[in-house]
Amino acid sequence: MATFKREPLTADEANALANACETTREKLIIWTLLDTGLRIHELVNLRAENIDWQAHQLIIHGKGRKDPQTGKLRKKRRIVPYEKAPRTATMLESWFANHESIGIQVRGAEMLVKRVANRAKISRPCSPHVLRHTFSVGCIKKGISFPSLQAILGH
């Protein structure tokens, strides 16, 4: 069985993708995924109350583990900073000043990413998870420590 390898976008491809956004919602989704490394379900479930407006960070309740005693899923809580991404900060804060949620489901967001990637003439597979990998590689290239990156990604 062949395995599918998710290759991160190059800096030029990421810029082309960001510049190919035409609507506010496209910018919101693409830029936030590129600049925060959120999982797609974390992004579509984002609400205004998940934003720490003063600290410019997101409070994410992401993947979790089953509690061995209760059998219930306990979601992990983590902080994702976005203060070093002014385009995303502006987009997130103006969107959530007027909307309670992003208003799109996971499948719709996945299709949106593919549509913008086609418009940007990115020929290889491009998905929200590829944008998460792109964010991770960019952080490593900027010198962020592995433990810090793991905390941001929720690993």
Output, in order, the C-alpha distance, side-chain angles, deciding distance and verdict of side chain to side chain contact (heavy atoms under 4.5 Å, CB included) for His155 and Phe146.
-> CA-CA 10 Å; His155 285 201; Phe146 281 109; over 6 Å; no

Checking side chain to side chain contact (heavy atoms under 4.5 Å, CB included) for the pair Val116/Ile29: CA distance, chi angles, key distance, verdict?
-> CA-CA 11 Å; Val116 175; Ile29 291 171; over 6 Å; no

Shortest non-hydrogen pair, Cys126 vs Leu17, comes out as SG-CD2, 4.3 Å

Taking 4.0 angstrom as the limit, do Arg115 and Glu110 come out as a salt bridge?
-> no

Would you mind telling me which of Asp35, Leu112, Thr88 makes a side chain to side chain contact (heavy atoms under 4.5 Å, CB included) with Ile30?
-> Leu112

Would you find a donor on one side and an acceptor on the other, under 3.5 Å apart, between the side chain of Arg25 and the backbone of Ile102?
-> yes

May I ask you to decide if Gly37's main-chain N or O and Arg132's side chain share a donor-acceptor pair within less than 3.5 Å?
-> yes

Step by step, work out the side chain to side chain contact (heavy atoms under 4.5 Å, CB included) result for Leu9 and His133.
-> CA-CA 8 Å; Leu9 300 179; His133 281 264; over 6 Å; no

If you take all heavy atoms of Trp31 and Ala18, which pair is closest and at what distance?
-> NE1-O, 3.3 Å

Shortest non-hydrogen pair, Ile40 vs Ala109, comes out as CD1-CB, 3.5 Å

Say whether, by atom type as modelled, one donor and one acceptor occur between the side chain of Glu42 and the main chain of Arg39 under 3.5 angstrom.
-> yes

Please answer whether the main-chain N or O of Ala20 pairs with a side-chain N or O of Arg119 as donor and acceptor at a distance below 3.5 Å.
-> yes

How are the rings of Trp95 and His99 set relative to one another: parallel (under 30°), tilted (30 to 60°) or perpendicular (over 60°)?
-> parallel

Kindly give the heavy-atom pair with the smallest separation between Leu92 and Ile51, and that separation in Å.
-> O-CD1, 4.4 Å

Do Val113 and Glu26 pass the side chain to side chain contact (heavy atoms under 4.5 Å, CB included) test, and can you show the C-alpha distance, the side-chain angles, and the key distance before you say yes or no?
-> CA-CA 8 Å; Val113 170; Glu26 285 177 352; over 6 Å; no

Under a 4.5 Å side-chain heavy-atom rule over Ile, Leu, Val, Met, Phe, Trp and Tyr, are Trp53 and Leu46 clustered together?
-> yes

What's the shortest heavy-atom distance between Leu33 and Phe135, and which atoms?
-> O-CB, 4.2 Å

Please write out which residues are connected to Ile79 in a hydrophobic cluster, directly or through intermediates, given that two of Ile, Leu, Val, Met, Phe, Trp, Tyr count as joined at side-chain heavy-atom separations below 4.5 angstrom.
-> Ile59

Is there a donor-acceptor pair closer than 3.5 Å between any side-chain N or O of Asn45 and the backbone N or O of His41?
-> yes

Hey, does the side chain of Arg47 reach the backbone of Ser101 with a donor-acceptor pair shorter than 3.5 angstrom?
-> no

Does Arg87 offer a backbone N or O that forms a donor-acceptor pair with the side chain of Thr90 under 3.5 Å?
-> no

Provide the closest heavy-atom pair for Pro125 versus Val130 in the form atom of the first, atom of the second, distance.
-> O-CG2, 4.0 Å

Does the distance from a Lys or Arg side-chain N to an Asp or Glu carboxylate O, for Glu22 and Lys27, drop under 4.0 Å?
-> no

